[in-house]
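Report on the structure given below.
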Amino acid sequence: MEPLVVEAGEASIEDLLETLESGRRVVVHTEFLGDAHEVTLRYDGVWYCDTPTRLHRHDSRAEMRTCLERQGYGREAGDTNTTR
């Protein structure tokens, strides 16, 4: 299955979590310190954020939700601001 590819802040956090729970990976295009990066999100019983410098592991859906929110990879439902 092809990964879902999104820009940071384009999809809602809940949509990202549901996509991951369905077994599909998500690739997030983001910018950090002026450089473009890709972050791969996945779930296999454990939640992962694979960044260019580190593999983050989260043990619960709540931890993954917090990560997606803090890093700006997803947006809260109803938030139409995609300029993160």
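Quick caveat, the model's predicted, so the values are computed rather than measured.
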Please evaluate residues Met64 and Cys49 with respect to the criterion side chain to side chain contact (heavy atoms under 4.5 Å, CB included), reporting the C-alpha separation (whole Å), side-chain torsions for both, the decisive distance (0.1 Å), and the verdict.
CA-CA 8 Å; Met64 184 64 158; Cys49 296; 3.7 Å; yes

What's the verdict on side chain to side chain contact (heavy atoms under 4.5 Å, CB included) for His29 and Val5, showing C-alpha distance, side-chain angles and the deciding distance?
CA-CA 8 Å; His29 292 164; Val5 179; 3.6 Å; yes

Walk me through whether Glu38 and Val28 qualify under side chain to side chain contact (heavy atoms under 4.5 Å, CB included).
CA-CA 6 Å; Glu38 285 187 353; Val28 180; over 6 Å; no

From CA spacing to verdict: side chain to side chain contact (heavy atoms under 4.5 Å, CB included), His37, Glu31
CA-CA 6 Å; His37 295 282; Glu31 188 175 306; over 6 Å; no

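Going from atom CZ of Arg24 over to atom CD of Glu2 covers 8.0 Å, rounded to the nearest 0.5 Å. In this structure, OG1 in Thr30 is found 12.0 Å from CD in Glu10, a value given to the nearest 0.5 Å. How far CG of Leu16 is from OH of Tyr73: 11.5 Å, rounded to the nearest 0.5 Å. Between the SG atom of Cys67 and the CH2 atom of Trp47 there is a distance of 11.5 Å, given to the nearest 0.5 Å. Separating the CD atom in Glu18 from the CD1 atom in Ile13 is a distance of 12.5 Å, to the nearest 0.5 Å.
Side-chain atoms of Leu17 and Leu68, non-hydrogen and from C-beta on, do get closer than 4.5 Å to each other.
Across His58 and His56, no two heavy atoms sit closer than the pair NE2-CB, 3.8 Å. Here the closest non-hydrogen pair linking Asp44 and Tyr48 is OD1-CE1, 3.3 Å.
Linking ILVMFWY residues whenever their side-chain heavy atoms come closer than 4.5 Å, directly or via other members, leaves Val26 and Met1 in distinct clusters.
A salt bridge (charged side-chain N to carboxylate O under 4.0 Å, His left out) check over residues 53-64, counting only residues at least two apart or in different chains, returns the pairs Glu14-Arg61, Glu21-Arg61, Arg57-Asp59.
Residue Val27 forms a side-chain contact (heavy atoms from CB on, under 4.5 Å) with just one option from Leu4, Val6, Thr40, Leu41, and that option is Thr40.
Taking a 6.0 Å sphere around CZ of Arg65, one finds it holds more than 12 heavy atoms contributed by other residues, nucleotides or ligands.
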